[in-house]
Novice: 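I'd like to ask some things about the structure below.
When reading the values below, keep in mind they use all heavy atoms of this one structure, side chains included, and skip hydrogens, waters and symmetry mates. In this text the structure is predicted, and so the values were computed from the model without any measurement.
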Amino acid sequence: MKEITNKLYYWYTIEKFSEFRIEFDKKSYCEEFPWLNNKKDKNFEVYLGIYKNSDLVDFIINKYGDKEGLPEKISGFSCLCIFKVNEKGEYIEESIKMPTLPYAINELISGNINTTNSSNEFKLFVEEIESIAINKLKSVNYDTLNNFFDEILKQFKWFNKNWLLVKRKFKVEEFEIKKVVIMKRLIHI
């Protein structure tokens, strides 16, 4: 019975919860902050805690059961969170995004997966991370990013730092500021 329960937990976690798919291209900055080079009229998205999806799936398999009857390994890369930074390197409030899969693993490990309202609890969890981001990322540089990352890892004590990609703990992508949104905000002021 325990083996069946473990497989059900596994499927529930993999199917219900998601990770972020991350790709690397020529426009990606790896382990570099472009706002330090005075890039103007750009905002940036920071992907923090990049890992191979297969490492996370292997962790779940090792924790909750054998590989028999379980899906093929998931390929690609994901991260623990994504947030936005303005052209000055300042954290943009309410921009934090978190995949649900690492949160679900927390719930599995704590035994809360079936006892809590996962949507509401996840929302509260993201709000807690948002609060940490506001406090730690007033100006995003290597020190503040590492401090913030350490705080995130405290939330995911099971996460193995060896899963992080070598020289790619984070990546940054730029995007243009949407002037229409800015105009709408100015009109409402």
Novice: One pair to check against side chain to side chain contact (heavy atoms under 4.5 Å, CB included): Ile82 and Glu45. What are the steps and the verdict?
Specialist: CA-CA 7 Å; Ile82 300 172; Glu45 228 171 20; 3.6 Å; yes
Novice: Tell me if a side-chain donor or acceptor on Trp158 pairs with a main-chain N or O of Phe59 at a distance below 3.5 Å.
Specialist: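 Answer holds: no.
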Novice: Go through it in stages, so that I can follow the logic: the residues are Thr144 and Asn141, the test is side chain to side chain contact (heavy atoms under 4.5 Å, CB included), and I'd like the CA-CA distance, side-chain angles, deciding distance and then a yes or no.
Specialist: CA-CA 5 Å; Thr144 59; Asn141 58 46; 3.4 Å; yes
Novice: Just verifying a value: how many Å separate Tyr142 OH and Leu36 CG, rounded to the nearest 0.5 Å?
Specialist: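 That separation rounds to 6.5 Å.
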Novice: Should Cys81 and Ile152 count as side-chain neighbours, where that means a heavy-atom distance under 4.5 Å?
Specialist: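 Yes - at least one pair of side-chain heavy atoms lies under 4.5 Å apart.
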Novice: How many angstroms lie between atom CG of Asp58 and atom CG of Asn53, to the nearest 0.5 angstrom?
Specialist: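 One finds 11.0 Å between CG of Asp58 and CG of Asn53.
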Novice: Quick one: CG on Asn43 to CD on Glu87, what's the gap to the nearest 0.5 Å?
Specialist: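 Answer for the CG-CD pair, Asn43 versus Glu87, is 6.0 Å.
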Novice: Measuring only between side-chain heavy atoms, which start at C-beta, is Val85 closer than 4.5 Å to Phe33?
Specialist: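 In short, these two side chains do not touch, never coming nearer than 4.5 Å.
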Novice: Kindly give the heavy-atom pair with the smallest separation between Glu151 and Lys136, and that separation in Å.
Specialist: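 Looking at all heavy atoms of both residues, the closest pair is CG-CE, 3.8 Å.
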Novice: Which residue is it: Phe83, Phe125, Tyr103? I am looking for the one with a side-chain contact (heavy atoms from CB on, under 4.5 Å) to Met98.
Specialist: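 So, applying the side-chain contact (heavy atoms from CB on, under 4.5 Å) to Met98 and each of Phe83, Phe125, Tyr103, only Phe125 qualifies.
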Novice: Just how far is it from atom CZ of Phe77 to atom CG of Leu56, taken to the nearest 0.5 Å?
Specialist: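 These two atoms lie 13.5 Å from each other.
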Novice: Should Val126 and Tyr91 be counted in the same cluster of Ile, Leu, Val, Met, Phe, Trp and Tyr side chains packed under 4.5 Å apart?
Specialist: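 Linked within one cluster.
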Novice: Hey, what do you get for CD1 (Ile129) to CD (Gln155), rounding to the nearest 0.5 Å?
Specialist: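 Separation between the atoms: 4.5 Å.
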Novice: If you apply the rule side chain to side chain contact (heavy atoms under 4.5 Å, CB included), what do you find for Phe149 with Leu164, and how did you get there?
Specialist: CA-CA 12 Å; Phe149 186 61; Leu164 295 172; 3.8 Å; yes
Novice: I need the Ser139 OG to Lys88 NZ distance, nearest 0.5 Å.
Specialist: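 Ser139 atom OG to Lys88 atom NZ measures 11.0 Å (nearest 0.5 Å).
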Novice: Give me the atom names and distance for the closest heavy-atom approach of Pro34 to Phe44.
Specialist: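 What the structure gives for the nearest pair is CG-CE2, 3.4 Å.
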Novice: Heavy-atom count around Glu94 CD within 6.0 Å, excluding the residue itself: above 12?
Specialist: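 No - once you tally the heavy atoms of other residues, nucleotides and ligands closer than 6.0 Å, there are 12 at most.
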Novice: Side-chain contact test, heavy atoms from C-beta onward, threshold under 4.5 Å: evaluate it for Lys161 versus Leu153 and give yes or no.
Specialist: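 Yes, side chains in contact.
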Novice: List the steps and the verdict of side chain to side chain contact (heavy atoms under 4.5 Å, CB included) for Cys79 and Leu48.
Specialist: CA-CA 6 Å; Cys79 65; Leu48 181 60; 5.9 Å; no
Novice: When you compare the side chain of Glu90 with that of Val140, does any pair of heavy atoms fall below 4.5 Å?
Specialist: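 They are not in contact (no side-chain heavy atoms under 4.5 Å apart), so the answer is no.
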Novice: How are the rings of Phe159 and Tyr51 set relative to one another: parallel (under 30°), tilted (30 to 60°) or perpendicular (over 60°)?
Specialist: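 Taking Tyr51 first and then Phe159, their aromatic rings stand perpendicular (interplane angle over 60°).
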Novice: For the residue pair Phe156 and Ile105, establish whether any side-chain heavy-atom pair is separated by less than 4.5 Å.
Specialist: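 Sidechains of Ile105 and Phe156: no contact.
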